[in-house]
There are 2 protein chains.
Amino acid sequence: MRNRAGIETRERILSATKRLLAERGLDGVTIKGICDAAEVHAGSFYNLFESKEQVVLTAVREAIKAVDPHPSGSGVDRVEELVDAYIRFVMDDQDLARVYLTVAVSGGLTDPAIRTRVLRHHQDRHARFVAALRRERVDIGDDEAAELIDALLAALNGYAFQWLLDPTFDFENHARRLLRFA
Amino acid sequence: MRNRAGIETRERILSATKRLLAERGLDGVTIKGICDAAEVHAGSFYNLFESKEQVVLTAVREAIKAVDPHPSGSGVDRVEELVDAYIRFVMDDQDLARVYLTVAVSGGLTDPAIRTRVLRHHQDRHARFVAALRRERVDIGDDEAAELIDALLAALNGYAFQWLLDPTFDFENHARRLLRFA
DNA sequence: TCAGATCTAGAGCGAACGCTAAAGAAATGC
DNA sequence: GCATTTCTTTAGCGTTCGCTCTAGATCTGA
């Protein structure tokens with residue numbers, strides 16, 4: 001059984017990890033950095049987490065989960081709503097969005113453990129968008145819908161990336177315009 | 001004056017750096033890794049490069065330069081040609097494309113030195129695309145052209161990213177379709 | 001040919017890395 | 001109230017990091 005103090009400390013460590021991941025990226029994060037930010041010593045860290053990899057993967061998992069906050073079948077099932085949810089995620093939860101895009105998406109290109117998670121996440125996300133699209137436009141075939149969603153998701157990620165690099169980029173407007181195109 | 005041997009060794013080091021950057025990302029690259037891959041010892045490395053940062057920035061600069069291989073005013077001045085050049089860069093020079101997208105673009109979110117270079121590069125690229133678009137479609141205003149190109153470039157990067165993550169993504173086709181939309 | 005410059009090998013420095021061990025402090029369940 | 005578990009502190013281990021230094025090999029231009 002875990003003590004109340006331990007739960008609180010664990011939360012503080014995880015929160016610091018997310019913030020540092022957003023600021024400094026995957027390899028800019030160190031145990032010392034996390035411990036300083038969370039006001040904890042190394043011994044406490046290793047009492048609550050097994051390794052640096054574990055706390056990072058936990059943070060990445062949370063970022064990935066935050067991309068689609070509404071569980072499937074919760075009423076958020078139209079493409080427009082799904083896109084809106086992504087817009088809100090990126091703009092309202094910038095730290096997690098940064099973790100998602102820099103660590104998860106681009107970390108997926110180099111880190112095998114992250115790559116596995118990202119690809120599965122993308123598959124689920126893709127399937128949900130395709131299902132929503134086909135519900136709305138029965139005239140579209142399965143393959144065509146899959147391709148449209150492929151392009152839509154990739155472009156949305158590109159937009160989000162650009163917005164994080166340059167805040168004057170009108171992410172919301174472009175995303176909605178893209179939706180009308182698809 | 002530099003010896004012939006030195007020039008060749010320098011090239012070998014730089015080439016190994018680019019390959020390793022593509023495979024392992026910015027922080028997966030170490031002096032030892034570079035030296036092993038280039039079959040060189042640390043002493044030789046530091047005789048030819050000042051630091052790890054220098055060789056990495058050199059590689060990043062080459063990747064950025066390779067994005068737009070044709071100098072301005074070389075006849076490649078229509079939007080379609082510029083997009084084609086980008087498609088060819090991403091698909092033909094995968095290593096450099098990987099460096100460009102993972103190290104330059106997403107490294108720009110965390111590394112200040114890289115961020116500066118990426119933003120300037122993007123500005124130049126953006127201006128060139130806007131000029132090409134306005135030449136073709138005089139009916140479009142300056143602001144509208146700038147916004148269209150903003151979205152086009154961001155989406156293209158998103159497509160390229162997705163293609164590097166999942167090679168079954170039809171990057172070329174999607175890019176051309178996007179061009180027709182814009 | 002040969003002095004001077006350049007290149008290479010190899011040992012190793014200080015710092016930072018992830019992580020461990022031991023022992024005292026604090027919380028918890030009975 | 002007490003035994004047990006959990007939490008925190010502290011010192012420091014072994015490794016790897018970027019990088020330096022020295023001495024000898026090799027190349028170059030006059």
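All chains are named by letter (A, B, ...) in the order of the sequence lines, taking the proteins before the strands, and each is independently numbered beginning at 1.
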(request) Could you check how far CZ of Phe49(A) sits from P of dG18(C), rounded to whole Å? (result) 15 Å
(message) Rounded to whole Å, how long is the line connecting atom CD1 of Ile34(A) with atom C1' of dA16(C)?
(response) 15 Å
(request) Rounded off to whole Å, could you give me the CG-to-C1' distance for the Asp36(B) and dG10(C) pair? (result) 14 Å
(message) Expressed as a whole number of angstroms, how long is the span from Asn47(A):CG to dT6(D):P?
(response) 9 Å
(message) Go nucleotide by nucleotide along DNA chain D from the 5' end; which of Glu50(B) and Asn3(B) gets its closest nucleotide reached first?
(response) Glu50(B)
(message) Nearest whole Å is fine: how far is dT6(C) P from His41(B) NE2?
(response) 22 Å
(message) Rounding to an integer number of Å, can you tell me how far Glu8(A) CD sits from dT6(D) P?
(response) 18 Å
(request) Determine, for Tyr86(B) and Arg125(B), whether the Lys NZ or Arg CZ falls below 6.0 Å from the six-membered ring centre while staying within 45 degrees of the axis. (result) yes
(message) So Val29(A), base contact, sugar-phosphate only, or nothing? Heavy-atom distance under 4.0 Å.
(response) sugar-phosphate
(message) Need one value for Ser44(B): base, sugar-phosphate or nothing, where a base atom within 4.0 Å counts as base even if backbone is also close, heavy atoms only.
(response) base
(message) I want to confirm an ordering. Mapping Ala42(B) and Ile7(B) to their closest nucleotides on DNA chain C, which one lands closer to the 5' end?
(response) Ile7(B)
(request) Looking at every strand, decide which applies to Gly43(B) at a 4.0 Å heavy-atom threshold: base, sugar-phosphate, or nothing. (result) base
(request) Tell me whether the OP1 or OP2 atom of dC7(D) has a side-chain N or O from Arg2(A) closer than 4.0 Å. (result) yes
(request) Please find out if less than 6.0 Å separates the ring center of Tyr46(B) from that of His41(B). (result) no
(request) May I have the distance from Lys52(B) (atom NZ) to dT20(D) (atom C1'), rounded to whole angstrom? (result) 17 Å
(request) Rounded off to whole Å, could you give me the CD1-to-P distance for the Ile31(B) and dG10(C) pair? (result) 18 Å
(request) Establish, for the pair Arg134(B) and Phe129(B), whether the NZ or CZ atom is under 6.0 angstrom from the six-membered ring centre and no further than 45 degrees off its axis. (result) no
(message) Return whichever of Arg12(B) or Phe45(A) has its heavy-atom-nearest nucleotide of DNA chain C closer to the 5' end.
(response) Arg12(B)
(request) Using only side-chain N and O atoms of Thr9(B), determine if any of them is under 4.0 Å from OP1 or OP2 of dT8(C). (result) yes
(request) Taking atom CD of Glu136(A) as the centre, report whether more than 12 heavy atoms of other residues, nucleotides or ligands fall under 6.0 Å from it. (result) yes
(message) Strictly below 4.0 Å: does Tyr46(B) bring a side-chain N or O up to OP1 or OP2 of dC19(D)?
(response) yes
(message) Looking at Arg88(A) and Asp93(A), is there a salt bridge between them, counting it only when a charged N and a carboxylate O are closer than 4.0 Å?
(response) no
